[in-house]
J.: 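Have a look at this one before I ask anything.
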Amino acid sequence: MSAEQQHRDGQAADPGPRSLAQALRERDDASLGALLRSRPDLLHPVPTDVTQLATRAGTRASVLRALEHLDRFALQAAEALAVAPDPASYQELLDLLAGDDGDEEVAGALPATVALLRERALVWGGEDRLRLVRTARELLAPSASHSSPTGLGPSVAEATSGMSPGRIQAILTAAGLPHTHDTVSAVAALSALFADRERVAELLEGAPEASREVLTRLVWGPPYGQVTAEPAAHLRWLLDRGLLLPTTPGTVVLPREAALSLRGGRAHRVPEPTRPRVAVAAERKPQVVDAAAGGQALAALDTVEELLRSWDEGGPAVLRAGGLSIRDLKRTATVLEVPEPVAAFWVELAYAAGLIASDGGYVEEHHDRHDRPDADAEGYEDEETRDARTRRRSGEAEHYAPTPEYDAWRDLPPADRWAWLLEAWLPGTRAPGLIGGRDGRDRTLSALGPGLDRSPAPEVRRRVLELMAGLEPGQAPDPATLLERLRWERPLRSAGPRREQPEPPRTGVRPSYGGGVAANDPEALRTKLTEWALLEAEMLGVTGRGALATHGRALLGAEGRSEGAGAGTAAAGSARAAVVAALLAPLLPEPLDHVLLQADLTAVAPGPLVRPLAEALGVLADVESKGGATVYRFTPGSVRRALDAGRSATELHAFLDRHSRTPVPQPLTYLIDDVARRHGLLRVGAASSYVRCDDESVLDEILADRRATALRLRRLAPTVVAAQADPRTLIEGLRAMGFAPAAESAEGDVMIARPHAHRTPPRTPPAPVPDGPPAPDATLLTAAVRAVRAGDRAATAPRKETPQAPGGLPRTSPADTLATVQAAAMTGESVWIGHVNAEGAASQRLLAPLRVEGGYVTGYDHTADEVRTYALHRITGVAELADEPDGAEPAR
């Protein structure tokens, strides 16, 4: 038995519900919960009853969101129903999708698709009376200004609604049909003619070749065309027979019935009932993939740490409009030795992880004071905002700098640090690839600036990883088929109608990073988001050599729906982060506590170094190259930097002896001793500034050097020379002359130059901008279904006639109210009460009183499905039930 026959046999013969509300009311709790899970916007706030739920499910915004979350075949089915008769039978829908020749794949997939549309409350009705929700029909059906997304135009009845009866009769005559007595029958006869495939073929046998070419161009849409006041003969032939009907002056349309006949009954050129398969581009050993991903993860950590270290004493200034300037981004890219778009990604990742922020306060541009829960009528201004306002008033520029969370992140093991970054990347809505492009107002989008949030980004990112996880370990997907699959799952709808187009040739996807995307082009945005997700996953080490690594699969575990999960210690300590870190840790090399010193004044670190060694070596030497091994070079300037930081020559020799696996080369020993011997021989202080030296010959040499002219030196004593330059300029000038001066304090002590780590006040990382409300959990769904059922029982419970106050509330005297609720408490019956709360909001409640005392009545409120207490003086009146509703027994 075929799937469509099983579908028909499983349906009842009755016509089904008369409204969407009735259809929802007949569902069981599991089906109602499935609706709320698939359309979470219906839950905010929780509907009071089924009628309100049905009304909300039919609103334009909710229907649009539901349509955008359909796959391509489900959307094609909805589009076909929009051009089918209302109501339509299941067979009519199948014919529109499969065509006259039939399609086994369509017939097999359609029952599940119709069930999906029913579940999401987009379709309701019996087997022979399928109805598309009215709002969806209005969105998908053709109008006078545009065609249906299928490319079909209005029906004959719709296109001839304003046509004169004489003109309609003339069309009947030209088409070979007999005259009728009224317009309705004439339109019906013309519609029947165009719906009959054989009669349309006979009619077109006598058509000019040019007329048939016009129909060929219009048949798959758009069905509208332009004609002049005196149309050509081949157009006149079509107009006379109603194959082209006028809509507006100068515009004609191919009627829907005729187009379907010419299409062979298909509503779509290419129905797509099956999801495209993701092809495999390459196969590699899973161990190779994991090793490559582990190496890339280590490189990602080094890059982020280098970024934060370069901003440790205060990063670039914040632009007035927010974000980094182009010049600062270029400098950051130079420091990281990566292209600017890639540098922008690392900056944005550190920002999303809460590791960097503005030191003048972070205020999200998409939130105003009304979004804050503790905002009051006078306006809300927190400490961060006041700090930023104070800095602006004082003229002090705001800068980006590491946050206190950076110090906590830096102390974690490498695998935990990587998991922290991933917990920020996966749910993040900021799209760094947009940086450098233009927004809707033609303003340049800058790194860390506003306007980079794109709500589809997390869904695309997660879905890309899920599709990669669906392949065998070690298999790398073909990007073109991956993108094709995502387009099938989420066929985006732009502001205008989507028309049927010929199937485009499949071409390879060339991933690129950076650059803008048109603000009004969602299809291009989805394509770019897919490409960026693949590139970012590779840069982070989620994938290796194009395939998903083992620790990357752990990101998609049951724990892993981090909707809006922020970064920070809580994210780093989550169960998913712990699992991911445990899988990654074996792939990362253990930090080393030694280096290999070489005779050419370099040191080679064959792997990552423990933090104290790396920090000390970073002061004593300059990084010459990075990669699998890091090469450090010792120079007079780097040794002097270590001496300025308070290390003595003896300490430096001991440090190198302790941490080198090779003997300390003699040239390096000589370099340290030579720089140390001269270091501090000259003393620079503030007079404007001065130079002090116990060796008079050294001062003689300085004064005789022509390069000292700009310093405007003057000898005050045999061992003291004064200068007009400030101490910093004087020190730099003497160093350029080959000397190694040291700064001294007012007391004559050598001043040790230590780096000053600049930190922002505690900051909250930017919250993702979600694409609608989050998916509800099981607890919320259960409570919501119970509340809707209880409200529906209360709303449909019959009551006795009683006087009513304005608003439909029962009206009784205080004495009658008290007597009635006391009697109901004694007998266990339920009553209707009218209630006005402290804010003046009126409501009707179905209450089973349990206790009446102290001016209050306590009972089981069937409307809220819980026990509540109401003040008697706020009850406007009481009405007894005519008959006890089913399931409305009082609580015991």
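Being a predicted model, the structure only gives us computed values, none of them experimental.
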J.: Begin with the C-alpha distance, continue with both residues' side-chain angles, and end with the deciding distance and a verdict on salt bridge (Lys or Arg N to Asp or Glu O under 4.0 Å) for R410 and D407.
T.: CA-CA 5 Å; R410 188 175 55 178; D407 298 309; 3.2 Å; yes
J.: Using side-chain heavy atoms (C-beta onward) and a distance below 4.5 Å, is V691 in contact with F739?
T.: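 A side-chain contact under 4.5 Å is absent here.
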J.: Is it true that a side-chain atom of R430 and a backbone atom of P450 form a donor plus acceptor pair closer than 3.5 Å?
T.: no
J.: Taking the side chain as every heavy atom from C-beta outward, state whether T630 and Y632 have any pair of such atoms under 4.5 Å apart.
T.: yes
J.: Quick check against the 3.5 Å criterion: does R647 have a side-chain atom that pairs as donor or acceptor with the backbone of V639?
T.: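 Side chain of R647 to backbone of V639: no pair is present.
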J.: Thinking salt bridges, do R611 and E305 make one under a 4.0 Å N-O criterion?
T.: yes
J.: Do the non-hydrogen side-chain atoms of V595 and R661 ever get within less than 4.5 Å of each other?
T.: no
J.: Can you give me the closest heavy-atom contact between I356 and T403, atom names plus distance?
T.: C-CG2, 3.7 Å
J.: Give a yes or no on whether the backbone of W425 and the side-chain of R461 come within a donor-acceptor separation of less than 3.5 Å.
T.: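 Side chain of R461 to backbone of W425: a pair is present.
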J.: Is it the case that the side chain of R715 and the backbone of V721 share a donor-acceptor pair, with hydrogens and angles ignored and the cut-off at 3.5 Å?
T.: no
J.: Assess whether atom CG of D674 is packed by more than 12 heavy atoms of other residues, nucleotides or ligands within 6.0 Å.
T.: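 More than 12 within 6.0 Å, yes.
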J.: Could D328 and R331 be called an ion pair, given the rule that one side-chain N must be under 4.0 Å from one carboxylate O?
T.: yes
J.: Indicate yes or no: does D644 engage R641 in a salt bridge with an N to O separation below 4.0 Å.
T.: no
J.: State plainly whether the residues E732 and R735 are in salt-bridge range, i.e. N to O under 4.0 Å.
T.: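 Between R735 and E732 there is no salt bridge, as every charged N stays at least 4.0 Å from the carboxylate O atoms.
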J.: On a heavy-atom basis, which atom in A447 and which in E348 lie closest, and how many Å separate them?
T.: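 Closest pair (atom of A447, atom of E348, distance): C-OE2, 3.6 Å.
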J.: Report yes or no: does W409 contribute a side-chain atom to a donor-acceptor pair with the main-chain N or O of R417 at less than 3.5 Å?
T.: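 Side chain of W409 to backbone of R417: a pair is present.
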J.: Considering only heavy atoms from C-beta outward, does the side chain of L671 approach that of F634 to under 4.5 Å?
T.: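 When only atoms from C-beta onward are counted, F634 and L671 do touch, with a gap below 4.5 Å.
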J.: How about I326: does its CD1 atom have over 12 heavy atoms from other parts shown lying under 6.0 Å from it?
T.: no
J.: Does any donor atom in the side chain of S638 or D622 lie under 3.5 Å from an acceptor atom in the other side chain?
T.: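 Their side chains do not contain a donor-acceptor pair, so the 3.5 Å distance test is not met.
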J.: Evaluate T550 against D290 for side-chain hydrogen bond (donor to acceptor under 3.5 Å, both in side chains), listing each step before the verdict.
T.: CA-CA 6 Å; T550 302; D290 288 348; 2.8 Å; yes
J.: W532 versus L434: any side-chain heavy-atom pair under 4.5 Å?
T.: yes
J.: Is there a side-chain contact between K330 and R327, using heavy atoms and a 4.5 Å cut-off?
T.: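 The answer is no; the side chains never approach within 4.5 Å.
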J.: Inspect the contact between E538 and R545 and indicate whether a charged nitrogen and a carboxylate oxygen are less than 4.0 angstrom apart.
T.: no
J.: Main chain of V769, side chain of T429: is a donor-acceptor contact present, judged purely on distance under 3.5 Å?
T.: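 Yes, the answer is positive, given that a donor and an acceptor are paired below the 3.5 Å cut-off.
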J.: Should the pair D726-R728 be classified as a salt bridge under the 4.0 Å nitrogen-to-oxygen rule?
T.: no
J.: Under 3.5 Å, is there a donor on one side chain and an acceptor on the other for S648 and T650?
T.: no
J.: Hey, is CZ on R658 packed in by over 12 heavy atoms from elsewhere, all under 6.0 Å?
T.: yes
J.: Are any of the side-chain heavy atoms of L711 and I702 separated by less than 4.5 Å?
T.: no
J.: So which of T602, T662, V604 actually passes side chain to side chain contact (heavy atoms under 4.5 Å, CB included) with L597?
T.: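 Of the listed residues T602, T662, V604, the side chain to side chain contact (heavy atoms under 4.5 Å, CB included) partner of L597 is T662.
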J.: Is it the case that the side chains of S697 and D700 hold a donor-acceptor pair, with the cut-off being a distance below 3.5 Å and no angle test?
T.: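 Per modelled atom types, D700 and S697 side chains form no pair under 3.5 Å.
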J.: Going through the distances and angles, do H399 and W311 end up as a ring-ring contact (aromatic ring centres under 6.0 Å, His included)?
T.: CA-CA 10 Å; H399 291 79; W311 290 11; over 10 Å; no
J.: For the backbone of L298 and the side chain of W418, can you confirm whether one donor and one acceptor N or O come within less than 3.5 Å of each other?
T.: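 Side chain of W418 to backbone of L298: no pair is present.
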J.: Please examine the side chains of L716 and Y690, heavy atoms only from C-beta on, and report whether any two atoms are closer than 4.5 Å.
T.: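 They are not in contact (no side-chain heavy atoms under 4.5 Å apart), so the answer is no.
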J.: Does the pair R677/D673 count as a salt bridge with the N-to-O cut at 4.0 Å?
T.: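 Result for this pair is no, no salt bridge flagged.
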J.: According to ring-ring contact (aromatic ring centres under 6.0 Å, His included), who are the partners of F655, at least two apart in sequence or on a separate chain?
T.: H659
